[in-house]
Amino acid sequence: MQVNGKEIKRIAVFTSGGDAPGMNAALRAVVRTASYYDLHVYGIMRGYEGMIDGDFVLMEKRDVGNIMHRGGTILKTARSERFRTKEGRQSAYESLLAYNIDACIAIGGNGTFTGAHVFSSEFGVPFIGIPGTIDNDLYGTDLTIGFDTAVNTAIEAADKIRDTAESHNRLFFIEVMGRNSGLIALNTAIGVGAGLALIPEKETSIDELVQLLKITAKRKKLFNLIVVAEGNKTGNAQQVAQQVRERIDLFDIRVTVIGHMQRGGSPTFQDRVLASRLGQAAVEGLLQGQRNVMVGWVDNKISFTPLKEAISTHKKPGEQLLRIAEMLAI
Ligand code: F6P
């Protein structure tokens with residue numbers, strides 16, 4: 001197997017950044033596909049931290065049995081500060097040399113691929129990225145591994161909140177994850193039939209929100225759910241609730257932050273299948289000469305996007321989804 005003239009015999013795979021349900025399924029697909037093509041695979045523990053420390057484990061077919069349904073990542077993960085330094089990356093390169101690694105497969109999100117891009121520009125190690133993040137904020141794939149599970153978790157929680165909100169005639173602000181992306185919030189809001197989603201990509205001012213709420217109060221609708229993305233520009237759920245309380249006294253307001261619950265749990269079938277497709281395509285892509293790209297799923301097909309493009313282009317929520325949310329709002 002040749003990649004740009006260099007034979008690929010040993011690959012390393014790791015998970016990095018925030019964990020996402022389905023990362024284990026992706027790992028399983030990578031290891032099993034590599035084994036199909038007689039490649040040696042090393043798993044790197046704790047992402048770039050383990051790469052720096054030389055924490056590598058040989059992985060064979062059977063080592064990835066019985067992990068498909070498990071949330072989290074058996075390779076563990078980290079947000080590595082040391083990898084941001086030149087010395088850290090130099091140590092990581094030395095570890096790869098010590099294990100004779102020809103190419104790396106990184107399962108993670110934006111931060112992971114930014115690290116991969118910098119590292120491969122410095123040391124020439126070929127990388128393939130597999131998008132694994134609940135945020136679904138990567139350009140070059142319609143879906144990231146973990147997003148479907150996270151939204152389902154958020155919807156399940158929000159459905160329960162709806163029961164108590166309706167019983168007490170309360171207005172709930174429900175905060176979901178997404179520092180820079182409103183995709184979890186928007187999809188949760190549509191899925192749960194919430195009154196509104198407050199997302200970073202489409203600012204709703206507190207004035208506008210208060211106006212909308214006054215209209216619903218006039219209609220005697222005193223219970224409502226508003227889904228707030230963590231990165232909403234007018235504030236997180238607590239802050240927005242506080243600003244509304246200071247302006248109007250029409251509602252009994254409560255706040256729920258769903259938090260890290262969204263990151264755990266058994267992956268949905270969508271995430272398991274997506275992870276299997278992307279893991280398999282990452283290894284085959286590498287063998288067919290792809291390098292420094294992210295493998296993605298676009299319009300029901302595998303596609304490869306340069307890492308540089310994937311990390312520098314912001315994926316916005318589709319116009320249609322925004323319109324649906326607007327039309328179905330309070
Ligand atoms: O990137 C995934 C994510 O869950 C974001 O939605 C969230 O803002 C962030 O990670 C939280 O990171 P941590 O678990 O490191 O606090």
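Start at 1 and go down the list; that is how both ligands and their atoms are numbered.
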Arg263 and Thr153: side chain donor to acceptor below 3.5 Å: no

Those residues that, when tested against Ser35, pass side-chain hydrogen bond (donor to acceptor under 3.5 Å, both in side chains) (two or more places apart): none

Return a table of donor-acceptor pairs under 3.5 angstrom between the side chains of residues 170-179 and protein atoms on other chains or two or more places apart.
from   : atom 1 : to     : atom 2 : distance (Å)
Arg170 : NE     : Asp252 : OD2    : 2.9
Glu175 : OE1    : Ala237 : N      : 2.9

Exercise: do Gln242 and Gln238 side chains pair donor with acceptor under 3.5 Å: no

By side-chain hydrogen bond (donor to acceptor under 3.5 Å, both in side chains) - contacts of Asp148 (at least two apart): Asn152, Thr268

For a distance cut-off of 3.5 Å, show me each N or O of ligand 1 paired with any protein N or O, plus the separation.
from     : atom 1 : to     : atom 2 : distance (Å)
ligand 1 : 1 (O)  : Asp135 : OD2    : 3.0
ligand 1 : 4 (O)  : Arg263 : NH1    : 2.9
ligand 1 : 6 (O)  : Asp135 : OD1    : 2.7
ligand 1 : 6 (O)  : Asp135 : OD2    : 3.4
ligand 1 : 6 (O)  : Gly178 : N      : 3.2
ligand 1 : 8 (O)  : Arg179 : NE     : 3.4
ligand 1 : 8 (O)  : Glu230 : OE1    : 2.8
ligand 1 : 8 (O)  : Glu230 : OE2    : 3.1
ligand 1 : 10 (O) : Arg79  : NH2    : 3.0
ligand 1 : 10 (O) : Arg263 : NH1    : 3.1
ligand 1 : 12 (O) : Arg79  : NH2    : 2.9
ligand 1 : 14 (O) : His260 : NE2    : 2.8
ligand 1 : 14 (O) : Arg263 : NH1    : 3.0
ligand 1 : 14 (O) : Arg263 : NH2    : 3.0
ligand 1 : 15 (O) : Arg79  : NE     : 2.8
ligand 1 : 15 (O) : Arg79  : NH2    : 3.3

Parallel, tilted or perpendicular: rings of Phe56 and Tyr42 (30°, 60°): tilted

